[in-house]
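Protein chains get the first letters and strands the later ones, always in sequence-line order, with residue 1 at the start of each.
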Amino acid sequence: MIEIILIDRLKSAIKFLYKEDISENLIQIQKTRSEFDGDITVVVFPFLKLSRKSPEQTADEIGKYLIENIDVVESYNIIKGFLNIVIKQKFWLKFFEDNHNNESYGKHNSSSVSPVVIEYSSPNTNKPLHLGHIRNNLLGWSVSEIILNGGKEVKKVNLINDRGIHICKSMLAWMKWGEGSSPESTNLKGDKFVGEYYVLFDKKNKEQIAELVANGMDNDEAAKKTDLLNEAKDLLIRWENEDSEVRELWNKMNGWVYDGFDITYDRMGIDFHKVYHESETYILGKKLVNDGVINGVLFKKDDGSVWCNLTDEGLDEKLVLRADGTSVYMTQDLGTAQLRFDEFKPSEFIYVVGNEQNYHFDVLKLILKKLGKSWAEHIYHLSYGMVELPEGKMKSREGTVVDADDLMDEMYNTAKSTSEELGKFNDFSDQEAHELYSMLSLGALKYFILKVDPKKTMTFNPKESIDFNGNTGPFIQYTHARIKSILRKASENNIGSNSKLDYNTALETKETSLIKLLYEYPSVTIQASENMSPALVANYAYELAKEFNQFYHDISILKESDEGKRDFRISLSAFVARTLKSAMALLGIQVPERM
RNA sequence: GGACUCGUAGCAUAACGGAUAGUGCACCUGACUACGGAUCAGGAGGUUGCAGGUUCGAAUCCUGCCGGGUUCACCA
């Protein structure tokens with residue numbers, strides 16, 4: 001790594017020139033911006049206190065030192081306080097020679113002993129998956145791959161919220177009005193089928209509330225006192241008491257939902273090493289809560305509810321167990337965390353959960369610490385922003401929730417019609433065409449979502465998301481297909497294998513900039529891993545594809561008459577294609593051979 | 001109201017405290033009788049919400065204000 005050498009030599013330069021030891025954080029190097037001449041730029045302002053000279057003079061002295069002490073430094077120039085260093089072409093060519101055939105370029109060797117456990121998806125079983133879940137799933141999956149690529153062992157886990165009052169509501173509605181129907185009998189996807197009963201409960205419950213209000217009850221009070229809600233609560237108690245009738249129905253309905261979820265996960269390309277169910281973890285949570293009460297960390301109120309006092313931490317009191325003894329969200333999350341620690345002894349626990357739950361995770365960590373769990377500090381909440389529509393937030397009440405399956409269907413149809421309009425592969429079989437359309441539509445969707453910084457609230461514009469031009473997944477997929485087309489032609493004509501590098505031929509500007517971009521790839525993946533940000537990989541892939549398209553446009557590859565140059569360009573193109581494929585794979589996006 | 005968070009061209013977005021704030025969409029003008037035009041080149045479009053402060057240097061850090069969002073449930 002040239003950067004490491006440079007930092008080291010900069011230290012000795014300062015020592016030599018100004019007789020001072022300098023701490024590494026004062027050394028600022030960055031990629032030279034494209035409008036200036038050079039490859040790497042050193043910011044010299046931080047050194048002025050030591051040199052007691054002008055920025056230009058300081059930069060000049062350091063530049064001279066670097067030329068003498070680093071053999072790959074070709075020259076330098078100074079603009080204001082910026083020392084722009086030009087690296088010799090032979091350095092780039094050597095890099096190219098060493099790496100262009102490396103199948104695992106950009107992958108980092110495994111180094112960790114204990115795994116990173118990353119939880120994502122975490123659906124409730126009362127509703128089908130929607131756009132918000134899509135961001136969660138894509139992020140969780142991609143971050144897992146990126147961390148894995150960075151050299152750590154990763155365990156992807158899903159925690160299905162399969163118990164609780166909301167499930168009881170769907171169950172109750174089905175018992176009352178389902179008339180024994182099933183996904184099979186209605187020809188509905190299982191999660192959609194169950195979701196309808198949840199909605200039905202809500203509708204009927206609202207009617208009851210209205211009735212109570214009409215009879216003079218206060219609205220808030222009425223919302224808590226409907227017969228339906230009481231019946232649902234009763235079901236929950238029976239469930240926690242393991243009433244066999246209730247459990248049987250619960251199993252049946254959840255089974256339907258899982259069948260539905262599996263179809264959606266499979267289509268999205270999302271998978272897990274392990275799936276937890278809250279129904280299996282909440283009891284451990286209750287046990288932890290009871291231990292906490294015994295230890296005096298938690299306290300019980302007169303009505304039997306259990307609380308954690310966080311006023312010393314500037315927060316409020318937090319309920320951890322209901323008065324009727326049933327558990328809440330926090331209860332089971334305590335249990336799940338413990339279970340995960342026991343099972344994996346993770347170096348990090350990552351929870352991919354929306355930022356609306358920031359408070360929940362602050363509290364979760366605090367309570368675990370109070371309970372004496374030192375590993376609580378390894379919990380990291382990967383808090384991502386909400387997905388909004390151009391009209392604003394998705395509202396189930398207004399029917400603006402974007403369903404995951406519907407969205408994928410819509411994208412698929414767009415990919416299909418766009419491809420058919422362009423009509424470039426009439427020789428594809430139906431199966432091949434189908435695979436291509438899914439690849440392109442998922443590529444568009446995934447890229448659209450992952451290119452945005454996870455922390456930020458994003459706007460999902462359905463119209464723009466299915467645009468295949470510009471900064472999009474299909475643009476990158478197209479670039480890959482284009483390169484593959486060249487490589488096919490090259491191999492048909494038996495050319496390209498003879499890529500002996502001539503170090504004395506000057507490279508074209510576009511060739512050098514491509515090599516430099518390729519050189520950055522490994523550090524981009526590390527940065528993405530540290531920041532848990534697929535967006536960095538997405539933006540890199542776009543830049544690389546764009547750079548290649550410019551190169552492709554400006555310079556002949558197969559038509560180049562100089563065989564050495566021609567073969568070098570073929571190899572360079574192959575290197576780009578492989579890197580694009582690798583970067584896109586980290587995002588869960590496949591790239592086609594033809595499109 | 002308290003806590004947290006976000007305001008960058010019409011829209012969507014990028015920028016370890018560094019240079020003239022990048023990019024895409026939309027809009028206008030062009031491109032090799034094509035190694036794949038799902039491409040490429042050019043144009044227009046910005047007081048980075050406002051006002052102070054810290055710094056050699058601020059979209060970025062601090063303070064205040066304005067505006068949006070989330071959260072403060074015996075929901076998850």
### Listed partners of A/E278 passing side chain to side chain donor-acceptor pair (under 3.5 Å), at least two apart
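Once residues adjacent in sequence are excluded, the partners of A/E278 under the side chain to side chain donor-acceptor pair (under 3.5 Å) criterion are A/Q332.
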Tell me which residues in [range] lie within less than 4.0 Å of RNA chain B, going by non-hydrogen atoms.
range                       : answer
residues 525-541 of chain A : none
residues 47-57 of chain A   : none
residues 318-326 of chain A : A/L319, A/R322, A/A323
residues 121-128 of chain A : A/N124

#### Entry: Length of the CZ-C1' vector between A/F82 and B/G17, whole Å
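About 11 Å, once rounded to whole Å.
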### Query
Rounding to a whole Å, what distance do you find between A/F548:CZ and B/C35:P?
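Computing the A/F548:CZ to B/C35:P distance gives 13 Å.
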Answer with base, sugar-phosphate or nothing: what part of the nucleic acid does [X] contact at a heavy-atom distance below 4.0 Å?
X      : answer
A/Y359 : sugar-phosphate
A/K456 : sugar-phosphate
A/E560 : nothing

Shorter than 3.5 Å, N or O on both sides, protein versus nucleotides 22-28 of chain B: list them out with atom names.
| unit_1 | atom_1 | unit_2 | atom_2 | d |
| --- | --- | --- | --- | --- |
| B/U23 | O3' | A/K546 | NZ | 3.1 |
| B/U23 | O2' | A/Y542 | OH | 3.4 |
| B/G24 | O2' | A/N471 | N | 3.3 |

### Task
Name all stems that contain residues of RNA chain B, defined as runs of 3 or more consecutive Watson-Crick or G-U wobble pairs, both distances under 3.5 Å.
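Stem list for RNA chain B: B:1-7 with B:66-72, B:10-13 with B:22-25, B:27-31 with B:39-43, B:49-53 with B:61-65.
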Electrostatic pair [X]-[Y], nearest N-O below 4.0 angstrom:
X      : Y      : result
A/E432 : A/R594 : no
A/R322 : A/E240 : no
A/D202 : A/K206 : yes

### Query
For A/L445 and A/F460, what are the C-alpha separation, side-chain angles and deciding distance, and is it a side chain to side chain contact (heavy atoms under 4.5 Å, CB included)?
CA-CA 10 Å; A/L445 177 61; A/F460 184 87; 3.9 Å; yes
Donor-acceptor contacts, no H, no angles, side chain residues 130-137 of chain A, under 3.5 Å, sequence neighbours left out:
| unit_1 | atom_1 | unit_2 | atom_2 | d |
| --- | --- | --- | --- | --- |
| A/H130 | ND1 | A/G132 | N | 2.9 |
| A/H133 | ND1 | A/H130 | N | 2.9 |
| A/R135 | NH1 | A/G385 | O | 2.7 |
| A/R135 | NH1 | A/K456 | O | 2.9 |
| A/R135 | NH2 | A/D453 | O | 3.1 |
| A/R135 | NH2 | A/P454 | O | 3.4 |
| A/R135 | NH2 | A/K456 | O | 3.1 |
| A/N136 | OD1 | A/S121 | N | 2.6 |
| A/N136 | ND2 | A/V352 | O | 3.0 |
| A/N136 | ND2 | A/Y384 | OH | 3.2 |
| A/N137 | OD1 | A/S121 | OG | 2.6 |
| A/N137 | ND2 | A/H133 | O | 2.9 |

Polar pairs (N or O, both sides) under 3.5 Å between protein and nucleotides 53-60 of chain B?
none

### Message
Show every salt bridge (Lys or Arg N to Asp or Glu O under 4.0 Å) that has at least one partner inside residues 39-52 of chain A, sequence neighbours left out.
### Response
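For residues 39-52 of chain A, and leaving out neighbouring residues, the salt bridge (Lys or Arg N to Asp or Glu O under 4.0 Å) pairs sorted by first residue read A/D39-A/K516.
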Check residues 532-541 of chain A and write down every donor-acceptor pair under 3.5 Å in which the side-chain atom is one partner and the other belongs to a residue at least two apart or another chain.
| unit_1 | atom_1 | unit_2 | atom_2 | d |
| --- | --- | --- | --- | --- |
| A/S533 | OG | A/A535 | N | 3.4 |
| A/N539 | ND2 | A/A535 | O | 3.2 |
| A/Y540 | OH | A/L517 | O | 2.6 |

### Message
Among residues at least two apart in sequence or on other chains, which ones pass salt bridge (Lys or Arg N to Asp or Glu O under 4.0 Å) with A/D60?
### Response
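Result, salt bridge (Lys or Arg N to Asp or Glu O under 4.0 Å) vs A/D60: A/K64.
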